[in-house]
K.L.:
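Okay, here's the structure, questions in a sec.
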Amino acid sequence: MNKLPQATEFELEIIESGPVGPDLRPPLLFIHGAYAGAWCWQPYFLPYFAERGYRSFALSLRGHGGSAGAAELSAWRITDYAADLARVAARVEARCGRKPVLVGHSMGGFLAQMHARKHAVAGLALLATVPPEGLIGSALHLLWRHPRLMWELNALQHGGVPPRLDKLRELLFSPQMPERELLEYATRFQHESDRALIDMTLPQLDYRPPLGMPPALVLGSEDDLLMPVHLIYSAARQLEVHAQMLKGPGHLLMLDRDWRLAADALADWLEELP
């Protein structure tokens, strides 16, 4: 793995994974969710798709991972993150000669939807995504069904420290997630921009479909406490596709013990692209 030359304006961490064989498939651009960075795709998804012939890129939005802008994190809006995505998507297209397939997780899925309303993409894969209506449904679900976990998430956001390991597992992973991996990931989660979270929680006014209605995949888990089934179905309805629901993984589909379920579902969908 190596890194694409840095994007302009802000230095953005962009991790690249090349295919094992000839580069004949559309490039994949992975977009992380809140509190994370490009690192969340490195353990499993980047090598998995490299083995299947995909040149893959994972970016860290400004203020996340190895990107610049951490000191100003509280100032960033969701539109700033969307600008980062647009800039990197253009660079990936210039580098590969093809438009990328966007693969967005949670907040990254929300950003992918924003981007696809204005820019043509080769495909749109949304994993445990924030739906077009934003975060309000997720917040209400946690408050009503899992108030203790709502408190833990608030502690991560405003206390700057990860929740206790047992609560971290319950909030983001399956019960089978090994403690050793929980410890590793807990040290990498970070603060998120309050302004960006508020932007996604306020009533959303833009419900336009993606430009040209590209092929779309909406993938969720029946056991996701942050983005429950009805929110995943809502995202799928907006794209006029049927949601695919997994059984077992928690919200962090790409890092959970059964990450291959999500990776295999994404790979099967990619095989059907024109």
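All values derive from a computational prediction rather than experimental measurement.
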K.L.:
Please identify each residue that fulfils side-chain contact (heavy atoms from CB on, under 4.5 Å) with Arg195, with sequence neighbours left out.
P.N.:
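With sequence neighbours excluded, Arg195 shows a side-chain contact (heavy atoms from CB on, under 4.5 Å) to Arg77, Ser193, given in chain and number order.
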K.L.:
Would you say that more than 12 heavy atoms from the other residues, nucleotides or ligands in this model lie under 6.0 Å from the CD of Glu179, or not?
P.N.:
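Counting other residues, nucleotides and ligands, CD of Glu179 stays at 12 neighbours or fewer.
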K.L.:
Quick one, Glu133 and Leu231 - any side-chain contact, counting heavy atoms below 4.5 Å?
P.N.:
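Contact flag for Glu133/Leu231 side chains = yes.
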K.L.:
Salt-bridge test for Glu271 and Arg52: reply yes if a basic N is under 4.0 Å from a carboxylate O, no otherwise.
P.N.:
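Here Glu271 does not pair with Arg52 in a salt bridge, since their nearest N and O are not under 4.0 Å apart.
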K.L.:
Any side-chain heavy atom of Cys40 within less than 4.5 Å of one from Arg188?
P.N.:
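No, every pair of side-chain atoms sits at 4.5 Å or beyond.
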K.L.:
Using modelled atom types and a 3.5 Å cut-off, is there a donor and acceptor pairing between side-chain atoms of Gln190 and backbone atoms of Gly63?
P.N.:
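Such a contact is found between Gln190 side chain and Gly63 backbone.
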K.L.:
What I'd like to find out is whether the side chain of Leu266 reaches to under 4.5 Å of the side chain of Tyr48, using heavy atoms alone.
P.N.:
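Side chain of Leu266 against side chain of Tyr48, heavy atoms only: no contact under 4.5 Å found.
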K.L.:
For His242, look at atom NE2 and say whether over 12 heavy atoms of other residues, nucleotides or ligands are found less than 6.0 Å away.
P.N.:
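It does not: His242 NE2 has 12 such atoms or fewer within range.
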K.L.:
Is it true that a side-chain atom of Thr201 and a backbone atom of Leu135 form a donor plus acceptor pair closer than 3.5 Å?
P.N.:
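Side chain of Thr201 to backbone of Leu135, a donor-acceptor pair under 3.5 Å: no, none is there.
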K.L.:
Testing the basics here: between Ile232 and Leu219, what is the closest heavy-atom pair and its distance to 0.1 Å?
P.N.:
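Where Ile232 meets Leu219 most closely, the heavy atoms are CG2-C, 4.4 Å.
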K.L.:
Is Arg55 salt-bridged to Glu16, cutoff N-O under 4.0 Å?
P.N.:
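Counted as a salt bridge, because a side-chain N and a carboxylate O are separated by less than 4.0 Å.
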K.L.:
Short question: side chain of Asp199, backbone of Ile78 - any donor-acceptor pair under 3.5 Å?
P.N.:
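Yes: the side chain of Asp199 pairs with the backbone of Ile78.
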K.L.:
To check you understand the geometry: which heavy-atom pair defines the closest contact between Val241 and Ala216, and what is its length?
P.N.:
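That closest heavy-atom pairing would be CG1-O, 3.8 Å.
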K.L.:
I'd like to check Arg87 versus Leu12 (side-chain heavy atoms, cut-off strictly below 4.5 Å). Are they in contact?
P.N.:
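Heavy-atom side-chain distance check passes, below 4.5 Å.
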K.L.:
Over all heavy atoms of both residues, which pair between Ser221 and Gly248 is shortest? Give the atoms and the distance, please.
P.N.:
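Shortest heavy-atom separation between Ser221 and Gly248 comes out as OG-N, 4.2 Å.
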K.L.:
Under 4.0 Å between a Lys/Arg side-chain N and an Asp/Glu carboxylate O for Glu13 and Arg62?
P.N.:
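Between Arg62 and Glu13 there is no salt bridge, as every charged N stays at least 4.0 Å from the carboxylate O atoms.
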K.L.:
Asp223 pairs by salt bridge (Lys or Arg N to Asp or Glu O under 4.0 Å) with which of Arg257, Lys247, Arg169?
P.N.:
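Per the salt bridge (Lys or Arg N to Asp or Glu O under 4.0 Å) rule, the option paired with Asp223 is Lys247, out of Arg257, Lys247, Arg169.
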K.L.:
Please say which of Glu192, His32, His191 ends up in a side chain to side chain donor-acceptor pair (under 3.5 Å) with His64.
P.N.:
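Only one option passes, and that is Glu192.
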K.L.:
Between Ser60 and Ala38 (side chain of the first, backbone of the second, donor and acceptor by atom type, cut-off under 3.5 Å), is there such a pair?
P.N.:
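Flag set: sc Ser60 to bb Ala38 pair under 3.5 Å.
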K.L.:
Under 4.5 Å between side-chain heavy atoms, hopping through other hydrophobics if needed: is there a path connecting Leu273 to Tyr54?
P.N.:
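The answer is yes; both residues are in one hydrophobic cluster.
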K.L.:
How close do Ala243 and Tyr233 get, counting heavy atoms only, and between which atoms?
P.N.:
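The pair with the smallest heavy-atom distance is CB-CD2, 3.5 Å.
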K.L.:
Return the minimal non-hydrogen interatomic distance between Pro210 and Leu239, and the atom names on each side.
P.N.:
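Result for this residue pair: CG-CD2, 3.3 Å.
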K.L.:
If you look at every heavy atom in Ala120 and Lys99, which pair is closest and at what distance?
P.N.:
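That closest heavy-atom pairing would be O-CD, 3.4 Å.
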K.L.:
May I ask you to decide if the ring planes of Tyr44 and Trp259 are parallel, tilted or perpendicular, using 30° and 60° as cut-offs?
P.N.:
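Parallel: the ring planes of Tyr44 and Trp259 meet at under 30°.
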K.L.:
Relative to each other, are the rings of Phe189 and Phe173 parallel, tilted or perpendicular (30° and 60° limits)?
P.N.:
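Phe189 vs Phe173 ring planes: tilted.
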K.L.:
Report whether Tyr81 and Ile198 are members of the same hydrophobic cluster (ILVMFWY, side-chain heavy atoms less than 4.5 Å apart, transitive linking).
P.N.:
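Tyr81 and Ile198: separate clusters.
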K.L.:
What is the distance from atom CG of Leu261 to atom CD of Gln244, rounded to the nearest 0.5 Å?
P.N.:
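Leu261 atom CG to Gln244 atom CD measures 11.5 Å (nearest 0.5 Å).
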K.L.:
Side chains of Gln204 and Phe110, heavy atoms from C-beta outward: is any pair under 4.5 Å?
P.N.:
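Yes, their side chains come closer than 4.5 Å.
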K.L.:
Any pair with a residue in residues 106-120 that passes side-chain hydrogen bond (donor to acceptor under 3.5 Å, both in side chains), sequence neighbours left out, goes on the list, sorted by first then second residue, please.
P.N.:
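Residue pairs passing side-chain hydrogen bond (donor to acceptor under 3.5 Å, both in side chains), neighbours aside: Ser106-His251, Gln113-Thr129.
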K.L.:
With clusters defined by side-chain heavy atoms of hydrophobic residues (ILVMFWY) lying less than 4.5 Å apart, directly or transitively, does Val130 cluster with Leu202?
P.N.:
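No, no single cluster joins them.
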